[in-house]
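When reading the values below, keep in mind they use all heavy atoms of this one structure, side chains included, and skip hydrogens, waters and symmetry mates.
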Amino acid sequence: MFTGIVTHLGNVRRVAKSPGSTRFDIAAEVGTMGLGASIACSGVCLTVVEEQPGWFGVEVSLETLALTTLTQWRVGTKVNLERPLKVGDELSGHFVLGHVDGLAEVKGRRQDGDSVRFTLEAPAALRPLVAPKGSITLDGVALTINEVDGTTFGVNIIPHTLKVTTLAGVVPGQRMNVEVDPIARYVSRLLAARVSTKIGR
């Protein structure tokens, strides 16, 4: 369980591909985690398979590669990092599972006062779960949806977030890992099951 509050920035230092998965080594000073620990890497919950001073390694399955932006990672790619919550930690963002629901394409970026406004297009299957003033996670960053306009939605990125995450480098045409509010996901599933049950009677 995470909150979408990025605590560290990492850099991919090594990429090793194999027929069944891809191994990424990420340079970052995140403290001791331990083998088998979970860490959110740009919104994707991954398992630590090796840990050395100043870096750690994770393995990514073919399914995760197919559903996220991790296929675009190269040596030098910057990665948003967040360690999981501990019991008693402050919940500053919103509940984030690290299970990416899809990819959103950045359609526009413009200055909005001191902030930057992104306009993104969500995948068709996720659009009913994207609501004004609702929560959404983009590349591991917890954000509030400002508005929804047809197939697109907008978010504001404040200067602090631009400074401590990878969002400062986001450009139109880029795709981002999206996790919708888990509560919206389960409510939608329950409603669909209820409708299906009524039809089947």
Legend entry - Hydrophobic cluster identity match, V12 and L65, side-chain contacts under 4.5 Å: yes
Inset, instruction - May I ask you to decide whether K107 forms a salt bridge with E121, counting only side-chain N to carboxylate O separations under 4.0 Å? - result: yes
Legend entry - Members sharing V96's hydrophobic cluster (side chains within less than 4.5 Å): F2
Legend entry - Side-chain donor/acceptor of E179 to backbone N/O of L97, under 3.5 Å: yes
Does any part of the side chain of [Y], heavy atoms only, come nearer than 4.5 Å to the side chain of [X], both counted from C-beta?
| X | Y | answer |
| --- | --- | --- |
| V79 | N11 | no |
| T22 | V15 | yes |
| W73 | S42 | yes |
| L103 | N177 | yes |
| V116 | R110 | no |
| L46 | L70 | yes |
| V49 | L35 | no |

Solution key, residues 157-172 side-chain donor-acceptor pairs under 3.5 Å, sequence neighbours excluded:
{"unit_1": "T165", "atom_1": "OG1", "unit_2": "T161", "atom_2": "O", "d": "2.6"}
{"unit_1": "T165", "atom_1": "OG1", "unit_2": "L167", "atom_2": "N", "d": "3.2"}
{"unit_1": "T166", "atom_1": "OG1", "unit_2": "N80", "atom_2": "ND2", "d": "3.0"}

Inset, instruction - Any chance you could lay out the side-chain contact (heavy atoms from CB on, under 4.5 Å) test for F95 and T137, step after step, and finish with the verdict? - result: CA-CA 10 Å; F95 287 120; T137 306; over 6 Å; no
Distance-only donor-acceptor hits, side chain of residues 141-150, under 3.5 Å, sequence neighbours excluded:
{"unit_1": "N146", "atom_1": "OD1", "unit_2": "N156", "atom_2": "N", "d": "3.1"}
{"unit_1": "E147", "atom_1": "OE1", "unit_2": "R117", "atom_2": "NH1", "d": "2.8"}
{"unit_1": "E147", "atom_1": "OE2", "unit_2": "G154", "atom_2": "N", "d": "3.3"}

Inset, instruction - Determine which pairs satisfy salt bridge (Lys or Arg N to Asp or Glu O under 4.0 Å) with at least one residue from residues 67-81, sequence neighbours left out, and list them in order. - result: none
Legend entry - Residue pairs fulfilling salt bridge (Lys or Arg N to Asp or Glu O under 4.0 Å) with at least one residue in residues 37-63, sequence neighbours excluded: R23-E50
Inset, instruction - Not counting sequence neighbours, which residues clear ring-ring contact (aromatic ring centres under 6.0 Å, His included) with W55? List them please. - result: none
Legend entry - L138 and L120: CA distance, side-chain angles, deciding distance, side-chain contact (heavy atoms from CB on, under 4.5 Å) verdict: CA-CA 10 Å; L138 298 175; L120 303 100; 4.0 Å; yes
Inset, instruction - Identify the residue among I39, D25, T32 that makes a side-chain contact (heavy atoms from CB on, under 4.5 Å) with F56. - result: I39
